[in-house]
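These values consider heavy atoms only, across backbone and side chains, with no hydrogens, waters or symmetry-generated copies.
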Amino acid sequence: MATAKPKVLIANRGEIAVRIIRTCRELGIPSVAVYSDADRDALHVEMADQSFRIGPALAADSYLSIDAILGAAQRSRATLIHPGYGFLAERAQFAQAVGDAGLTFIGPSPHAIETMGDKSAARRAADAAGVPIVPGTPEPVVVRHAKAQAERIGFPLVVKAAFGGGGKGMHVVRSAENLEEALRRAAREAKSYFGRPEVFLERYVERAHHVEAQVVADQHGSVWFLGERDCSVQRRHQKLIEETPSPVVDEALRTRIGEAAVALARASGYVNAGTVEFIVDEDGSFYFLEMNTRLQVEHTVTEMVTGYDLVAQQIAVARGERLDIDPAPRGHAIQCRINAEDPGRNFLPGPGRISRYQEPGGPFVRVDAGVTAGRDVPGDYDSMFAKVIVQGEDREQARRRMLGALSEYRVEGVPTTIPLHRWALESPEFRAGEHTTTWLERALAEVDLPSQIELNPPAAAKPRPADILVEVDGRRVPVRIFDERRERAPDRPALHDPHHGEHVHGVITAPMQGTILKVLVEKGQEIQAGDVLCVLEAMKMENHIASTREGEVTDLPIRAGQVVETGQILAVID
């Protein structure tokens with residue numbers, strides 16, 4: 001009986017979908033993209049050999065819909081499904097449904113996902129395999145039992161989503177009075193991201209490096225350790241800069257970490273690519289955090305130093321091939337995640353249309369992006385739209401090369417974190433490799449960020465420039481021309497037009513498009529400046545919208561669940 005020709009459906013979007021499509025092209029395997037209404041004109045939709053709509057913008061009805069994705073697989077006659085990362089990537093139910101449909105899941109078995117995707121079960125498996133673990137709760141907790149468990153563990157502690165990763169559904173708690181709100185918020189975020197609200201508690205190690213081990217295992221019993229990555233530059237538990245090798249890991253510690261990661265993979269019967277995450281304390285001890293049963297966002301730096309295409313390895317494992325890997329990392333690689341956020345406005349998400357886009361180049365520079373000029377960064381999903389990766393002979397050369405690449409990168413129309421990356425890479429702490437997981441947030445709290453970095457001017461305040469070359473005395477000079485004229489009629493004033501003065505309305509407007517998760521005040525309520533009026537979710541981030549003045553809430557035209565546009569009035573304070 002003839003074997004069906006391989007065809008890969010990518011159950012994801014954005015830059016990871018584009019990255020997988022490119023590997024499929026190199027392997028000569030047709031690719032299938034899926035898209036929501038928000039991604040109708042996205043780059044991954046254009047690049048794939050086939051593309052199928054799977055639902056509206058809401059992830060629950062599109063990228064998280066198993067039925068919709070399997071329906072697209074059936075229509076396209078795909079034979080394999082790659083989950084990417086996020087969305088359904090670590091959902092055992094999805095992997096099982098793929099197998100039940102007669103398709104091949106490019107990833108580990110449902111049992112491995114269930115065991116390692118459940119962080120409590122993963123901790124038990126790590127403990128049984130002899131891997132050191134951080135003290136915490138053996139099972140997910142509920143609010144009524146959490147206080148007693150927290151007292152046993154001790155503060156500070158961290159509330160973490162029991163399923164999923166990427167820093168979502170994760171909050172540090174430093175005192176008992178903040179525990180209940182952190183539990184409810186983490187559970188709400190976990191439900192939104194991963195479809196599961198369970199959370200657990202774990203001791204929080206204040207000064208630590210986040211170090212993770214890349215493993216690959218085939219179906220024939222072989223497991224390889226492909227080196228470690230350092231992901232300690234974080235904000236709100238979201239990784240911003242990753243590198244390999246780690247500046248705090250010597251050869252002896254590297255061996256111990258690799259042995260622990262391989263032992264855990266073997267003990268759990270793990271197959272395919274996976275990442276075992278650890279925290280490394282200042283004294284050189286390390287503790288198991290979790291295992292991500294998928295490709296990591298930062299897999300690129302491992303590819304740069306080893307020369308192996310991890311997506312190609314994943315596909316080979318899924319097809320039952322025997323791998324022949326000889327890990328011999330060379331040099332140093334760094335990755336910067338590029339998010340549509342404004343560092344000068346407390347990292348406010350900034351979805352919108354990219355008006356100008358120019359990537360950096362060079363033989364040791366790589367950009368994984370899901371956008372081009374004229375395409376949108378939707379407000380419905382994560383704010384990351386690209387990654388810049390460089391390689392150097394050593395860490396310092398890689399750092400300088402990254403600074404050069406970031407200086408060449410041109411993105412206009414949306415704010416980006418590029419200025420923050422340049423600032424962080426130039427900091428003494430990063431240059432010395434002394435940064436920890438809490439370093440960036442502490443550093444940002446101590447500086448006036450807008451005065452420290454060259455910020456992106458707001459898109460609305462900047463005309464679309466014209467770039468021309470002018471020849472002067474036989475010399476070609478690039479010139480950028482800005483047209484400051486405004487050729488449109490003035491906007492009609494709003495019902496409550498904000499203006500200055502002591503006895504006028506204080507109008508609070510939405511800083512971005514998003515969904516009102518919670519309204520915390522009532523009409524007629526007296527409030528103080530700084531009081532939180534509502535929680536606005538945008539690009540999968542919760543933003544607390546505060547009053548800029550004291551007074552009475554005289555108008556409150558919003559409700560929980562309402563979608564608001566940028567500039568829409570949220571409240572009026574008299």
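When atom types are taken as modelled, the side chain of E90 and the backbone of T293 share a donor-acceptor pair closer than 3.5 angstrom. Proximity of a side-chain donor or acceptor of T244 to a complementary backbone N or O of E228 within less than 3.5 Å is detected. The main-chain N or O of V216 is never found under 3.5 Å from a side-chain atom of W224 such that the two would form a donor-acceptor pair. No donor-acceptor distance shorter than 3.5 angstrom exists from the side chain of S222 to the backbone of D218, with no hydrogens or angles considered. Of the possible donor and acceptor atoms, none in the side chain of T306 sits under 3.5 Å from a partner among the backbone N and O of P329. Between the Q219 side chain and the V317 main chain, a donor and an acceptor come within less than 3.5 Å of each other. The backbone N or O of L348 sits nowhere less than 3.5 Å from a side-chain atom of N346 that would complete a donor-acceptor pair.
Ion pairing between R400 and E396 holds under the 4.0 Å rule for side-chain N and carboxylate O. Look at E251 and R254 and you find a salt bridge, because one of the NZ, NE, NH1 or NH2 atoms lies within 4.0 Å of a carboxylate O, short of that distance. Taking a cutoff of 4.0 Å between a charged side-chain nitrogen and a carboxylate oxygen, E290 and R123 do not qualify as a salt bridge. Using a cutoff of 4.0 Å between basic side-chain nitrogens and carboxylate oxygens, R236 and E441 are not scored as salt-bridged. A salt bridge links R366 with D368: the distance from a Lys NZ or Arg NE/NH1/NH2 to an Asp or Glu carboxylate oxygen falls below 4.0 Å.
Of all heavy-atom pairs between A92 and P110, the closest is CB-O, 3.5 Å.
Taking D380 as the reference, nothing meets the salt bridge (Lys or Arg N to Asp or Glu O under 4.0 Å) condition, with sequence neighbours excluded. For E282, the salt bridge (Lys or Arg N to Asp or Glu O under 4.0 Å) partners at least two apart in sequence or on another chain are R207. With sequence neighbours excluded, the residues that form a side-chain hydrogen bond (donor to acceptor under 3.5 Å, both in side chains) with Q214 are R229. Residues forming a side-chain hydrogen bond (donor to acceptor under 3.5 Å, both in side chains) with Y381 (at least two apart in sequence, or on another chain): S36. By the salt bridge (Lys or Arg N to Asp or Glu O under 4.0 Å) test, R401 pairs with no residue at all, sequence neighbours left out. Partners of E114 according to the salt bridge (Lys or Arg N to Asp or Glu O under 4.0 Å) rule, which considers only residues two or more places apart in sequence or in another chain, do not exist here. With sequence neighbours left out, the side-chain hydrogen bond (donor to acceptor under 3.5 Å, both in side chains) criterion links S407 to no other residue. With sequence neighbours left out, the side-chain contact (heavy atoms from CB on, under 4.5 Å) criterion links E426 to R399, L403, R431.
With no hydrogens or angles considered, no side-chain donor-acceptor pair links Q397 and R395 at under 3.5 Å.
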Please list every donor-acceptor pair under 3.5 Å in which a side-chain atom of residues 357-365 meets a protein atom from a residue at least two apart or in another chain.
unit_1 : atom_1 : unit_2 : atom_2 : d
Y357   : OH     : E359   : OE2    : 2.8
Y357   : OH     : Y409   : OH     : 2.6

Identify all side-chain donor-acceptor contacts of residues 125-135 below 3.5 Å with residues at least two apart in sequence or on another chain.
none

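With a 4.5 Å cut-off on side-chain heavy atoms, L425 and W423 do not count as touching.
Note on ring orientation: taking the six-membered ring where Trp is involved, the planes of H237 and Y204 are perpendicular (angle over 60°, cut-offs 30° and 60°).
The number of heavy atoms from other shown groups lying within 6.0 Å of CD (E321) is above 12. For D324, the CG atom counts as loosely surrounded, since its 6.0 Å shell holds 12 or fewer non-hydrogen atoms of other residues, nucleotides or ligands.
Expressed to the nearest 0.5 Å, how far OG1 of T302 lies from CG of L226 amounts to 7.0 Å.
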Going through the distances and angles, do E46 and R375 end up as a salt bridge (Lys or Arg N to Asp or Glu O under 4.0 Å)?
-> CA-CA 11 Å; E46 177 182 307; R375 298 186 194 272; 2.5 Å; yes
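The side-chain hydrogen bond (donor to acceptor under 3.5 Å, both in side chains) contacts involving residues 325-334 comprise E243-H332, where partners must be two or more places apart or lie in separate chains. Within the structure, side-chain hydrogen bond (donor to acceptor under 3.5 Å, both in side chains) pairs that include any residue of residues 10-19 comprise R13-D39, E15-Y85, E15-K387, R19-T23, R19-H299, R19-E303, R19-D309 (at least two apart or interchain).
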